[in-house]
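Every heavy atom of this structure was used, including side-chain atoms; hydrogens, water molecules and symmetry mates were not.
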Amino acid sequence: IIVIRHSHPHSIKIPGDITLGGLFPVHARGHAGVPCGEIKKEKGIHRLEAMMYALDQINSDPELLPNITLGARILDTCSRDTYALEQSLTFVQALIQKDTSDIRCSNGEQPIIRKPERVVGVIGASGSSVSIMVANVLRLFEIPQISYASTAPELSDNNRYDFFSRVVPPDSYQAQAMVDIVKALGWNYVSTLASEGNYGESGVDAFVQISREAGGLCIAQSLKIPREPKPGEFDKIIKRLMETPNARGVIIFAHEDDIKQVLEAAKKSNLTGQFKFVGSDSWGAKSSPILDQEEVAEGAVTILPKRASIDGFDQYFTTRSLENNRRNIWFAEFWEDDFRCKLTRPGIKIDPEKKKCTGEERISRDSHYEQEGKVQFVIDAVYAMAHALHNMHQDLCPGAMGVCDKMDPVEGRLLLSYIHSVNFNGSAGTAVLFNENGDAPGRYDIFQYQMTNTTNPGYRVIGQWTNNLRLNVEEMQWTGGSRQIPDSVCSFPCRSGERKKMVKGVPCCWHCELCDGYQFQADEFNCEMCPFDMRPTLNRTACRPTPIIKLEWHSPWAVIPLFLAILGILATLSVIITFIRFNDTPIVRAAGRELSYVLLTGIFLIYFITFLMIAEPGTVVCAFRRLLLGLGMCITYSAMLTKTNRIYRIFEQGKKSVTPPKFISPTSQLMITFILISVQVVGVFIWFGVMPPHTIVDYDEQRPPNPELARGILKCDIADLSLICCLSYSILLMVTCTVYAVKSRGVPETFNEAKPIGFTMYTTCIVWLAFVPIFFGTAQSTEKMFIQTTTLTVSMSLSASVSLGMLYIPKVYVIIFHPEQNVQKRKRSFKIILSDDKIPKKEFSQGTMLNVDRN
């Protein structure tokens, strides 16, 4: 092995029959114009040593490329794409034709120029931006390239990067896995954070694109971390993230150093536990990004291509020393950094604060060692190139020892086809193969950084992704060891009975609006009115039948009318029984027996209608309501009108002559009364014909704003107007009777019927005048039916009671308690009165009226 330090001070040369190129970020990016910074132990030295380890293994394998030695030219990219491009020109020097015809030695002879080695394929690079820059050059010279860490989706473009392949899956798979993780956690509103450059930006773009296609996931903010962040830049980023505090999930495609500074800024802002990070493979399971920021990183879910620790490499690397690893020109620098000591160099003074390196230090024994995550992929990339060369050698040089003419030089495009055709078990035992775009299949381990206790925090495998997600949610822990998955949603799910009102342009954000009144939740976005006979359920997800009620016998609205009606019926029956028993006595006869029985029948029916008004509505009950509602009053006031009309006519006739008026006999009075009653009966039967009686359920009457109080009222189909029309004839009779009562107010005291009828009618009018505003004033009340029924029945009972009390109770009182007054007085006949010349004419008229009334 020859290490060339002078001609290539920044590269390692390992001679061989076939040379492979290698690109590794041995140093970090430099600052202030310096191309390279501090050494990168894991991502640089570990990976570089993995390539040299793989070359050793291949060269010692008698089955793989027998009799052919693989060499290498390994360069440092310094984590900078422009510097890597400059370095990679080394790989194409042998392919660039140089004109040396004008060059001569001092003796005039043509010089012998050593031709640089020809690189047939390149392993690398690490960062996607570096790989893209290098791939653009290598494709011009048809040099195949296999990356071990570049995951940018852009590199899957087979038209632009046709000579590029990779043993790690592209970020499009990673982005799909991250979308699946976010959905599995129940999040739908997240922010994204990307380092400026191909890796970060293309990773986030892939995540956004896949989430948009999948639906149900919205991006609150997409922020970028500049390549050269200014002081305070990360504080601004945290402040921006807090503008959407509901988006607690942060998808981060960023470089290691950027991740660390984001966590520092969050901690500085006292936002520990606010953000839940979902990190890409650049975070993976590394300890360096979260060093001293463990509390902020707690609960972070990270993703890493499925890998395994290669035991052979551990054994190889831990035995490396300054003596046996001189081929690695950067190993001395690594040694100083790893053991925190200083090597003695001629002319360089040792810092007194640092100890002197003895060379006896040992990796893992005297320093912390953990195999870097991409070591497996570096080894697989080298082996993929070796298997492609092996298959190519078998096809082009069958049986030949070493490289034959057909493989000198190796044709790049042909080698590329062999690379795409390889299929072997890699260092971790998993298959290594490529699809048509040169991408490896997606296989990821999913980690979560957990702090189960303060002494043993660390990354824990919580799932896997191989084309679909397998996540053990029950094994996840969040801030403080909580098992409850934190929310990262723009809007929380609406409760039952609430509809979503979407925020324009943000499909994951909405306002919840209650389906109010009689609406129910028809679907996620709409409320609809329940049918008129239904009301919404308590949770407003459906409609249910509205309860149907009626006026119950035990209701307070029914008790008072029933009490009055029962008293009235008992009183009326008592009067009727008394009149029947004392039917031939002077008081009963003087009261006009025939009309009295008719009038008492009407009063009885008025009281009886109360029971029909409270009874459960049915066709028969409704028919009798229509018939008897106005009939009782009609009978009562027809009889009363006939009486007052008779009194008035007799009184007026007596002023003019002694001849009695016509139609004042009992039979005539009954005929007039029945004619008046028949008008009501005919009207009711016409009503029956036009609109047969039936029941309805009125859902409008008791339909308050609160649907829980809504009730359907079972009642007869009698509108308020129909009710008034039914009673209007009786009211007309009552008013007419009142007019006659007023006209008859001058009847002498000896006439015993006129004044009680007058008082009866006056009182009845007052009762019904009070009834009208109460009846119609409750039209908007939720208790309308009950109030109106009670008002109507009480008014009718009161009017009946007035008639009964004024006209018949005094007579019954005399009949029962003063029977001595209920005796026959000496009659003076109409003829005797007329022949008595000594009696004045006025007295004749008065006597005539009195005796006629008593007949």
Can you list the steps and then say if Tyr161 with Gln145 is a side-chain hydrogen bond (donor to acceptor under 3.5 Å, both in side chains)? CA-CA 10 Å; Tyr161 307 105; Gln145 174 187 2; over 6 Å; no
Looking at Glu42 and Lys286, is any side-chain nitrogen of the basic one under 4.0 Å from a carboxylate oxygen of the acidic one?
no
The salt bridge (charged side-chain N to carboxylate O under 4.0 Å, His left out) partner of Glu372 among Arg47, Lys41, Lys43 is Arg47
**Side-chain donor/acceptor of Ser488 to backbone N/O of Arg248, under 3.5 Å** = yes
Closest heavy-atom pair, Leu64 versus Ala386, reported as atoms and distance to 0.1 Å, is CD2-CB, 4.0 Å
Donor-acceptor pair, side chain of Ser202 and main chain of Ala152, under 3.5 angstrom: no
Main chain of Gly402, side chain of His393: is a donor-acceptor contact present, judged purely on distance under 3.5 Å? yes
* To do: Could you go through the side-chain contact (heavy atoms from CB on, under 4.5 Å) check for Ile251 and Val182 one step at a time?
  => CA-CA 9 Å; Ile251 312 303; Val182 167; 3.6 Å; yes
task: Kindly say whether Ala125 contributes a backbone atom to a donor-acceptor pair with the side chain of Ser150 at under 3.5 angstrom?
output: yes
When every non-hydrogen atom of Asp281 is compared with those of Leu304, the smallest separation belongs to O-CD1, 3.5 Å
message = In the structure I gave you, are the side-chain heavy atoms of Met51 and Leu20 within less than 4.5 Å of one another anywhere?
response = yes
Do Ile146 and Ile419 touch side chain to side chain, with heavy atoms closer than 4.5 Å?
yes
Parallel, tilted or perpendicular: which describes the rings of Tyr383 and Phe424, with under 30° parallel and over 60° perpendicular?
-> tilted
Nearest heavy-atom approach of Gln448 to Gly299 is NE2-O, 3.2 Å
What do you reckon, is CG of Asp405 surrounded by more than 12 foreign heavy atoms closer than 6.0 Å? no
Output for pair (Ile329 CD1, Lys13 NZ), nearest 0.5 Å, gives 13.5 Å
*Ser147 side chain to Ala149 main-chain N or O, any donor-acceptor pair under 3.5 Å?*
yes
| Sidechain-backbone polar pair: Thr302 side chain, Gly284 backbone, donor-acceptor under 3.5 Å | yes
When Val403, Leu389, Ile58 are each screened for side-chain contact (heavy atoms from CB on, under 4.5 Å) with Ile68, the one that passes is Val403
>> Under a plain distance cut-off of 3.5 Å, with no hydrogens placed, do Glu49 and Asn328 share a side-chain donor-acceptor pair?
In response: yes
Exercise for the section: Please check if the side chain of Ser211 supplies one atom and the backbone of Leu217 the other of a donor-acceptor pair under 3.5 Å. Expected result: no
- prompt: Please walk me through it: do Leu138 and Phe164 pass side-chain contact (heavy atoms from CB on, under 4.5 Å)?
  reply: CA-CA 9 Å; Leu138 297 182; Phe164 177 86; over 6 Å; no
Can a donor-acceptor pair be found, under 3.5 Å and without considering hydrogens, that links the side chain of Gln464 to the backbone of Ile446?
no
Problem - N/O donor-acceptor pair under 3.5 Å between Asp76 side chain and Val26 backbone - result: yes
Self-check item: Residues Arg307, Asp445; criterion salt bridge (charged side-chain N to carboxylate O under 4.0 Å, His left out); working and verdict
Solution: CA-CA 8 Å; Arg307 61 180 180 139; Asp445 283 326; over 6 Å; no
Practice prompt. Indicate, with yes or no, whether the SG-to-SG separation of Cys509 and Cys490 is under 2.5 Å.
Written response: yes
Check: Between Phe334 and His46, how do the two ring planes meet: parallel, tilted or perpendicular, split at 30° and 60°?
Finding: perpendicular
Tightest non-hydrogen contact, residues Tyr199 and Ser280, listed as OH-OG, 2.6 Å
From the list Gln394, His387, His390, side-chain contact (heavy atoms from CB on, under 4.5 Å) partner of Leu65 resolves to His390
Quiz item: Going through the distances and angles, do Thr151 and Tyr173 end up as a side-chain contact (heavy atoms from CB on, under 4.5 Å)?
Solution: CA-CA 9 Å; Thr151 56; Tyr173 293 159; over 6 Å; no
- Hey, is NZ on Lys406 packed in by over 12 heavy atoms from elsewhere, all under 6.0 Å? no
When every non-hydrogen atom of Ser282 is compared with those of Ile259, the smallest separation belongs to OG-CD1, 4.0 Å
Rounding to 0.5 Å, atoms CZ (Arg460) and CG (Asn472) come to a distance of 8.5 Å
Closest non-hydrogen contact found for Ser427 with Gln376 is OG-CG, 3.3 Å
Can you list the steps and then say if Glu142 with Arg413 is a salt bridge (charged side-chain N to carboxylate O under 4.0 Å, His left out)? CA-CA 6 Å; Glu142 296 187 346; Arg413 190 168 292 278; 3.5 Å; yes
- Mind telling me whether Trp283 and Phe277 have parallel, tilted or perpendicular rings, with 30° and 60° as the class edges? tilted
Problem - Parallel, tilted or perpendicular, as decided by the 30° and 60° cut-offs, for the rings of His27 and Trp330 - result: perpendicular
With side-chain contact (heavy atoms from CB on, under 4.5 Å) as the test, would you mind laying out the steps for Gln176 and Trp465 before giving the verdict?
-> CA-CA 9 Å; Gln176 179 65 65; Trp465 191 93; 3.6 Å; yes
Please evaluate residues Arg29 and Asp81 with respect to the criterion salt bridge (charged side-chain N to carboxylate O under 4.0 Å, His left out), reporting the C-alpha separation (whole Å), side-chain torsions for both, the decisive distance (0.1 Å), and the verdict. CA-CA 10 Å; Arg29 185 170 23 187; Asp81 50 5; over 6 Å; no
Review point. Counting N and O atoms only, with roles assigned by atom type, does the side chain of Ser195 sit under 3.5 Å from a partner on the main chain of His255, one being a donor and the other an acceptor?
Key: yes
